[in-house]
Amino acid sequence: MTRGYGVRAVAAVLALSAVLASTACTDEGGAPAPAAPVAGGAAALPGPAPAGLALRPAPSGAPGAPAVTGTLTDGSPVTLADLWADRPVVLVFFSSWCTACAQRQDALSELARTHRDSVVFVGVVTEDEEQDVQRFLREHRVEYPVVVDPDGAIWRSYAVREPPAVALVAKGGALLRGWPGGIDAGALDRALRELVLA
């Protein structure tokens, strides 16, 4: 009788251990663990610019970039002028269904990581589905913020007709250069190294 009770007690302890192990991804209240942040959302926004960041001044005749506002992939608002207030911004216009965008994105993602402290990369996506955009961002390791431009208004303000396209905005908002059809990451890297002096 005692032996049977001991066997049942051990079995109950093992069963309870299995249940606890299967719920290890929940907090103490039984709620699921928090989901990963939405790719391209507010968590990808940059922190303060590093102290002592030295930049080549923008040419005096450079036009001002359109200081548009938009919404990131997670619904957070963003104003481009806030981003270029203290460092240059690279705008990457893309769509998840664009073959040329996909071919260049891995190199652009790596370039954004290389320059993450001195230059802010911002994606601008239009004509796309939310789940396709998230798949694209995760597949290509896009770690910078992405503005959703559902009606193409931001694209039109930058005269972008089709993806890919890239625009470079100086600190303070001068539009330095645009590349319809996109730009090779190596050439963009050289342009950024000319702009960032330290």
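For Asp74, the side chain to side chain contact (heavy atoms under 4.5 Å, CB included) criterion is met by Val38, Ala42, Leu72, Ser76, not counting sequence neighbours. Take Glu139 and apply the side chain to side chain contact (heavy atoms under 4.5 Å, CB included) test, not counting sequence neighbours, and it matches Arg135.
With hydrogens and angles ignored, the 3.5 Å screen pairs a side-chain donor or acceptor of Ser109 with a backbone N or O of His140. Remark: the backbone N or O of Ala39 is paired with a side-chain donor or acceptor of Gln134 at under 3.5 angstrom. Checked by atom type and distance alone, the side chain of Arg56 pairs as donor or acceptor with a backbone atom of Glu194 at under 3.5 Å. Looking only at distances, no side-chain donor or acceptor of Ser95 sits under 3.5 Å from a matching main-chain atom of Asp128. Checking side-chain atoms of Asp149 against main-chain N and O of Val124 turns up no donor-acceptor pair under 3.5 Å. In this structure a side-chain-to-backbone donor-acceptor pair under 3.5 Å is present from Trp97 to Glu127.
Within 6.0 Å of atom CD in Gln131, more than 12 heavy atoms from other residues, nucleotides or ligands are found, so the atom counts as buried in its surroundings.
At a threshold of 4.5 Å between side-chain heavy atoms, the hydrophobic network of Ile, Leu, Val, Met, Phe, Trp and Tyr places Val90 and Val148 in one connected group.
The list of ring pair (Phe, Tyr, Trp, His ring centres under 6.0 Å) pairs with a residue in residues 106-126, not counting sequence neighbours, reads Phe121-Tyr144.
Annotation for Pro59 and Leu176: closest pair CD-CD2, 3.6 Å, computed over non-hydrogen atoms. Taking all atoms of both residues into account, the shortest heavy-atom contact from Pro66 to Ser157 is CG-O, 3.3 Å.
Each of Leu83, Val68, Thr69 was compared with Val78 under the side-chain contact (heavy atoms from CB on, under 4.5 Å) criterion, and only Leu83 meets it.
The OG atom of Ser118 sits 12.5 Å away from atom NZ of Lys171, with the distance rounded to the nearest 0.5 Å.
Relative orientation of the Trp155 and Phe93 rings is perpendicular, given thresholds of 30° and 60° on the angle between their planes.
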